[in-house]
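So you know, we letter chains A, B, ... as the sequences are listed, proteins then strands, and number each from 1. Side-chain atoms are counted along with the backbone in the values below, which use heavy atoms only and exclude waters and symmetry mates. Everything quoted here is computed from the prediction, not taken from an experiment.
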Number of protein chains: 2
Amino acid sequence: MVKPFDKMEVEITTEEKILIAARKVFIEKGWDGARMQEIADNAGINKALLHYYFRNKEQLFKRVFAGIVGKLIPNLNTIIQSEQPIFEKIQSFIDAYIDFLLANQELPLFVANELSRNANLIVGAFEENGLKPMVGQMVMEIFQAIENKQIRPINPAHLLMSIVSMCVFPFMGRSIFQKVLMQVPEEMYQELLKQRKKEIYEMVYHSIVL
Amino acid sequence: MVKPFDKMEVEITTEEKILIAARKVFIEKGWDGARMQEIADNAGINKALLHYYFRNKEQLFKRVFAGIVGKLIPNLNTIIQSEQPIFEKIQSFIDAYIDFLLANQELPLFVANELSRNANLIVGAFEENGLKPMVGQMVMEIFQAIENKQIRPINPAHLLMSIVSMCVFPFMGRSIFQKVLMQVPEEMYQELLKQRKKEIYEMVYHSIVL
DNA sequence: AAAAGGTTTAACCATTTGGTTAAATATGGC
DNA sequence: GCCATATTTAACCAAATGGTTAAACCTTTT
């Protein structure tokens with residue numbers, strides 16, 4: 001029962017409370033639907049204090065967004081850079097992607113949305129943080145794998161597009177899948193999502209193996 | 001140079017002008033971002049007349065949304081019901097889906113968005129119009145194809161999920177793909193989209209053929 | 001020409017919302 | 001106890017927005 005000596009650092013500051021609340025509300029409602037009052041309520045403070053910490057909605061949004069994009073891309077780049085045979089690398093890529101999505105299910109729709117409505121603002125958020133996914137390298141590796149007769153000839157850009165699509169769409173288009181197409185209850189859909197890792201890899205494997 | 005005898009029917013009524021404008025603005029800005037004034041401007045009329053035709057924003061939105069969902073689903077159901085061998089049916093499905101998406105590129109993101117924010121309202125729009133995609137039948141056919149040793153064993157739900165994902169995500173997540181991941185100019189991305197039909201089918205074919 | 005419905009103009013209203021302000025209060029470090 | 005910072009309270013403001021209203025105007029039908 002000894003107090004940890006870094007106890008002070010585990011305290012949640014008001015700024016963190018605000019960022020957590022803002023993240024939640026922005027993701028849930030989008031930029032247009034998000035209300036500063038609701039963010040304040042969620043953070044357990046009042047509007048005056050909210051504006052005391054973040055001058056305006058835009059500044060707060062930028063901070064939230066930067067925090068979001070700063071998580072996935074480095075994660076994926078690490079995998080891309082790792083030294084593994086092509087099939088294992090693809091599997092690791094899918095695994096990491098799905099794991100991240102399972103833990104951040106509403107993120108893709110939010111990002112796609114804001115990105116398409118407010119491109120300038122958002123693309124800046126990526127560049128300011130020096131975040132660029134290393135897609136080029138992945139394309140090169142697929143090219144080499146084709147030349148080395150490890151996999152059948154296929155357009156690398158499309159292969160990557162397909163892999164990412166199969167990973168992300170069940171989350172991003174979840175409302176369409178779950179409520180319109182498949183009409184299954186929540187838990188069942190979550191079960192499907194968990195199976196995706198294996199299913200996607202098998203699909204990709206069979207589609208490129210010689 | 002003879003006037004068509006049904007000339008009267010090609011005139012665009014004010015109601016149609018409104019619906020076209022509303023569709024555009026709603027898709028572009030979403031429910032939260034759409035402004036009645038902007039819709040009126042786009043339709044070339046004023047706000048008073050807009051409210052004269054549609055009592056309020058919600059009513060107008062419902063009409064617009066009903067018109068949108070009323071297009072894709074019957075289209076796909078026709079293909080599902082057609083009598084074709086499994087591989088051809090899959091190819092037809094992909095073709096029809098991509099064709100529709102090429103002609104309605106911003107639709108998926110809009111639908112997913114509104115669906116996730118306003119589920120009750122929207123799911124109603126589907127049911128009121130008696131629109132249900134016949135996914136069940138497609139699943140059955142895939143099951144039979146497996147039993148008949150036409151394709152390798154695979155979870156039909158996941159196969160469908162993957163096909164739909166590969167078709168829709170390049171449109172729905174276009175902003176992410178184009179601006180963040182691939183960083184290619186507009187025309188090049190359009191070129192990629194047109195190639196998708198063939199690429200997806202080949203991917204699916206190789207992944208299930210025995 | 002009268003009637004009827006579509007259309008415009010323009011003012012108006014209530015509400016919401018982002019943002020501000022100022023004064024009061026709490027809190028912790030010195 | 002003093003000072004700076006954090007926080008609350010509560011009122012306030014300007015702009016945007018959905019929606020209304022009433023009078024005038026235009027066009028077509030009867």
Side-chain angles (χ1 to χ4, degrees), chain A residues 3 5-65 110 113-114 117-118 120-122, chain B residues 3 5-65 110 113-114 117-118 120-122:
Chain A
K3 274 187 195 170
F5 59 81
D6 58 352
K7 192 203 167 211
M8 294 188 313
E9 302 195 9
V10 296
E11 285 172 10
I12 292 184
T13 68
T14 301
E15 189 175 330
E16 284 168 332
K17 280 198 300 184
I18 292 175
L19 285 172
I20 291 169
R23 183 190 148 104
K24 187 189 163 204
V25 175
F26 275 129
I27 289 178
E28 224 169 66
K29 308 282 178 75
W31 163 271
D32 286 322
R35 297 286 161 252
M36 295 298 271
Q37 185 61 59
E38 193 179 349
I39 292 174
D41 291 346
N42 260 275
I45 60 167
N46 53 8
K47 215 173 47 164
L49 190 60
L50 177 59
H51 281 90
Y52 174 79
Y53 274 89
F54 295 91
R55 204 163 274 108
N56 53 43
K57 193 179 178 182
E58 185 173 325
Q59 211 177 97
L60 179 55
F61 183 82
K62 275 186 180 173
R63 274 287 295 276
V64 168
F65 204 86
F110 169 71
N113 224 0
E114 302 304 329
R117 290 215 213 296
N118 214 341
N120 356 338
L121 181 78
I122 308 294
Chain B
K3 274 188 197 171
F5 60 80
D6 58 351
K7 193 201 168 215
M8 293 189 311
E9 302 195 10
V10 295
E11 284 171 11
I12 293 182
T13 68
T14 301
E15 188 175 330
E16 283 167 333
K17 281 197 298 185
I18 293 175
L19 285 172
I20 291 169
R23 184 190 147 103
K24 188 190 163 204
V25 174
F26 275 129
I27 289 178
E28 226 168 66
K29 308 284 178 76
W31 163 270
D32 285 322
R35 297 286 161 250
M36 294 299 271
Q37 185 62 59
E38 193 179 348
I39 292 173
D41 291 345
N42 259 276
I45 60 169
N46 53 10
K47 216 173 47 167
L49 191 61
L50 178 58
H51 280 89
Y52 175 79
Y53 275 88
F54 296 90
R55 204 162 273 108
N56 54 42
K57 195 179 177 182
E58 186 173 326
Q59 212 178 93
L60 178 56
F61 183 82
K62 276 186 179 172
R63 274 288 294 276
V64 168
F65 203 85
F110 169 71
N113 224 357
E114 303 304 329
R117 289 216 214 297
N118 214 341
N120 358 337
L121 182 77
I122 308 294

Whole-Å distance separating the CG atom of N46(A) from the P atom of dA24(C): 17 Å
Helical bend (five base pairs per end, nearest 10°) for the helix from dA1(C)-dT30(D) to dC30(C)-dG1(D): 10°
Atom pair distance, as rounded to whole Å: CG in L50(A) and C1' in dA6(D): 14 Å
Partners passing ring pair (Phe, Tyr, Trp, His ring centres under 6.0 Å) against Y53(A) (at least two apart in sequence or in another chain): none
F61(B) CZ to dG19(D) P, straight-line distance once rounded to whole Å: 14 Å
Scan nucleotides 3-6 of chain C against the protein and return all N/O pairs shorter than 3.5 Å with their distances rounded to 0.1 Å.
from, atom 1, to, atom 2, distance (Å)
dG6(C), OP2, Y52(B), OH, 2.3

Where E28(B) and R117(A) come nearest, the two heavy atoms and their spacing: O-NH1, 2.9 Å
Nucleotide dG19(D), atom P - distance to CD1 of I39(B) in whole Å: 10 Å
Check: F26(B) ring centroid to F110(B) ring centroid under 6.0 Å: no
For atom CD1 of I18(A) and atom C1' of dT8(D), their distance in whole Å: 14 Å
Residues forming a ring pair (Phe, Tyr, Trp, His ring centres under 6.0 Å) with F54(B), sequence neighbours excluded: none
Nearest-angstrom distance from the residue atom CG of L60(B) to C1' of dG18(D): 12 Å
Contacts of K24(A) that satisfy side-chain hydrogen bond (donor to acceptor under 3.5 Å, both in side chains) - sequence neighbours left out: N42(A)
R35(A) side-chain N/O to A40(A) backbone N/O, donor-acceptor pair under 3.5 Å: no
Check the interface with nucleotides 18-23 of chain C: list each N/O to N/O pair with the protein under 3.5 Å, or write none.
from, atom 1, to, atom 2, distance (Å)
dG18(C), OP1, A34(A), O, 3.3
dG18(C), OP1, R35(A), NH1, 3.0
dG18(C), OP1, K57(A), NZ, 3.4
dG18(C), OP2, M36(A), N, 3.2
dG19(C), OP2, K57(A), N, 2.8
dG19(C), N7, K47(A), NZ, 3.0
dG19(C), O6, K47(A), NZ, 2.6

Residue pair E15(A) / I18(A), side-chain heavy-atom distance below 4.5 Å: no
Any donor-acceptor N/O pair, E16(A) side chain to T13(A) backbone, under 3.5 Å: yes
Gap separating the CD1 atom of I12(B) from the CD1 atom of I20(B), nearest 0.5 angstrom: 5.0 Å
Spatial distance of atom CG (D32(A)) from atom CD (E114(A)) [nearest 0.5 Å]: 7.0 Å
Heavy-atom check, side chain of R63(B) versus side chain of Q59(B), under 4.5 Å: no
